[in-house]
Amino acid sequence: DRTTIAIDMPLHGQSKKITNKNWQMQDCADMLLEILDSLQLDSCYAVGHSWGSMTILRAAHHQPERFVSVGFCNMPYEAGSFGAKMQFGFQHSALLFRSFYANQVAKAMMSEESRTQHPEAVQYLKNSLNQLTNKEIQKTDKAVITTVQSGQPYLDAIQVPALALKGKDDYVPTPPNIKTTIVDGKHTSPLEQPQAVLTFIQEVINKK
């Protein structure tokens, strides 16, 4: 009974052709606000997964009046670290072997139980990766993971009702001072625990 707007982030889906080649995380937040302006929406509920959560966090910080409530699913809010740069630099060296790379990403993002019980979810993840070139994967990881600034100041100053959800074995930390639902699995909760995520979204909508 609600209008739903799904946004393709830079280099993904219908947003693959972008003019700003040096976009950063803040550009994603600006994009979200520009879309709300373009659609003439004064307010909305916003739920994002991972990168989407990081985008919503920053947009809600700049214009809290635009958001009735927000939901952060598997949100990596910490700053990019030297360790992350080393880790992803090593992973990117495997991009020449796309099948091997995709399998390693699936192992890092999804629990063994999820991969065994839901091979279709693993294939969905692999198909999504296959839509990106090696350079697009490297650019996205750089802007979203390895060079991103800390989201902690935005969390500390948040003025919008917020809830969070994360996988029990996810690599991201639990956001402080925000009620967080813990579900089985790792980073890809929408694929691993879809019903729990739908329930979470309903809770976000009901939180005002």
Side-chain angles (χ1 to χ4, degrees), residues 4-18 23 25 28 32 46-57 71-78 80 83-148 164-175 180-201:
T4 302
I5 302 164
I7 300 174
D8 290 333
M9 303 301 274
L11 301 181
H12 291 65
Q14 297 302 308
S15 296
K16 291 201 74 171
K17 295 182 179 180
I18 59 175
W23 59 271
M25 180 61 65
C28 299
L32 170 55
V47 180
H49 171 258
S50 191
W51 176 8
S53 289
M54 300 161 74
T55 298
I56 292 169
L57 176 64
F72 304 131
C73 184
N74 304 89
M75 180 172 66
Y77 62 87
E78 295 181 327
K85 292 177 183 178
M86 293 293 292
Q87 175 187 351
F88 280 88
F90 175 77
Q91 288 183 4
H92 291 161
S93 67
L95 280 169
L96 293 174
F97 312 96
R98 289 301 291 264
S99 180
F100 173 77
Y101 174 81
N103 285 327
Q104 295 306 305
V105 170
K107 289 180 180 179
M109 302 281 272
M110 304 179 69
S111 68
E112 182 177 358
E113 181 180 5
S114 295
R115 299 196 308 274
T116 301
Q117 295 183 357
H118 301 288
E120 73 284 357
V122 176
Q123 191 58 51
Y124 178 86
L125 182 62
K126 291 181 178 180
N127 290 343
S128 298
L129 283 171
N130 287 336
Q131 300 303 311
L132 300 171
T133 67
N134 290 355
K135 287 185 177 180
E136 288 170 343
I137 290 175
Q138 292 172 328
K139 168 58 185 171
T140 300
D141 287 344
K142 179 179 178 181
V144 177
I145 300 174
T146 61
T147 65
V148 69
L165 177 144
K166 71 179 291 287
K168 180 175 62 176
D169 298 316
D170 192 3
Y171 70 91
V172 304
T174 302
T180 301
T181 299
I182 306 296
V183 298
D184 289 336
K186 288 188 174 180
H187 191 63
T188 54
S189 294
L191 295 178
E192 297 183 84
Q193 300 292 335
Q195 188 55 54
V197 172
L198 287 173
T199 299
F200 169 71
I201 292 172

**Student:** What are the two closest non-hydrogen atoms of Gly71 and Phe200, and how far apart are they?
**Tutor:**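 Heavy atoms only, the tightest pair is CA-CZ, 3.8 Å.
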**Student:** Run the numbers on Lys126 and Asn103 for side chain to side chain donor-acceptor pair (under 3.5 Å), then give the verdict.
**Tutor:** CA-CA 8 Å; Lys126 291 181 178 180; Asn103 285 327; 2.5 Å; yes
**Student:** side-chain contact (heavy atoms from CB on, under 4.5 Å) between Tyr101 and Ile137: does it pass, once the steps are laid out?
**Tutor:** CA-CA 11 Å; Tyr101 174 81; Ile137 290 175; 3.4 Å; yes
**Student:** When you measure from the side chain of Arg98 to the backbone of Leu129, do you find a donor-acceptor pair of N or O atoms at a distance under 3.5 Å?
**Tutor:**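 Here the side-chain-to-backbone pair exists.
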**Student:** Got a sec, which residues hit side-chain contact (heavy atoms from CB on, under 4.5 Å) with Thr147, two or more places apart in sequence or on another chain?
**Tutor:**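 Per chain and number, Thr147 pairs via side-chain contact (heavy atoms from CB on, under 4.5 Å) with Gln24, Lys142.
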**Student:** Please identify each residue that fulfils salt bridge (charged side-chain N to carboxylate O under 4.0 Å, His left out) with Lys107, with sequence neighbours left out.
**Tutor:**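 Not a single residue meets the salt bridge (charged side-chain N to carboxylate O under 4.0 Å, His left out) criterion with Lys107.
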**Student:** Just so I know, are the side chains of Glu192 and His118 near enough to count as touching, which here means a heavy-atom distance under 4.5 Å?
**Tutor:**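 Glu192 vs His118: side chains apart.
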**Student:** If I compare all heavy atoms of Pro175 with all of Thr180, which pair ends up nearest, and what's the gap?
**Tutor:**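 Nearest pair, atom of Pro175 first, then Thr180: CD-OG1, 3.8 Å.
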**Student:** Mark yes when over 12 heavy atoms from residues, nucleotides or ligands other than Glu113 sit less than 6.0 Å from its CD; otherwise mark no.
**Tutor:**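 Count not over threshold, so no.
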**Student:** Can you tell me if His92 uses its side chain to pair, donor with acceptor, with the backbone of Gln87 under 3.5 Å?
**Tutor:**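 No.
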**Student:** Looking at Val148 and Glu78, what are the two nearest heavy atoms and their distance?
**Tutor:**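 Shortest heavy-atom contact: CG1-O, 3.9 Å.
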**Student:** Which pair of heavy atoms, one from His187 and one from Ser50, lies closest together, and at what distance?
**Tutor:**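 Shortest heavy-atom separation between His187 and Ser50 comes out as NE2-OG, 2.8 Å.
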**Student:** If you look at every heavy atom in Ser189 and Lys166, which pair is closest and at what distance?
**Tutor:**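 Reported closest heavy-atom pair: OG-C, 4.2 Å.
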**Student:** Any luck finding a side-chain donor-acceptor pair between Asn127 and Gln123 under 3.5 Å?
**Tutor:**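 Present: a donor and an acceptor within the cut-off.
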**Student:** Keeping the roles fixed (side chain from Ser53, backbone from Cys73), state whether a donor-acceptor pair exists under 3.5 Å.
**Tutor:**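 It does hold such a pair.
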**Student:** Please work out whether the ring planes of His12 and Trp51 are parallel, tilted or perpendicular, with thresholds of 30° and 60°.
**Tutor:**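 It falls in the perpendicular class, over 60°.
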**Student:** Under the salt bridge (charged side-chain N to carboxylate O under 4.0 Å, His left out) rule, collect the residues that match up with Asp184, sequence neighbours excluded.
**Tutor:**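 Applying salt bridge (charged side-chain N to carboxylate O under 4.0 Å, His left out) to Asp184 gives Lys168.
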**Student:** What do you reckon, is CD of Glu120 surrounded by more than 12 foreign heavy atoms closer than 6.0 Å?
**Tutor:**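 Yes, because the 6.0 Å sphere around CD of Glu120 holds more than 12 heavy atoms from other groups.
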**Student:** Looking at Asp170 and Pro76, would you say the former's side chain and the latter's main chain have a donor-acceptor pair under 3.5 Å?
**Tutor:**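 No.
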**Student:** Within a 6.0 Å radius of atom OH on Tyr124, are there more than 12 heavy atoms belonging to other residues, nucleotides or ligands?
**Tutor:**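 Counting other residues, nucleotides and ligands, OH of Tyr124 stays at 12 neighbours or fewer.
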**Student:** Tell me the closest heavy-atom pair linking Glu136 and Gln131, and the distance in Å.
**Tutor:**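 Result for this residue pair: OE1-O, 4.0 Å.
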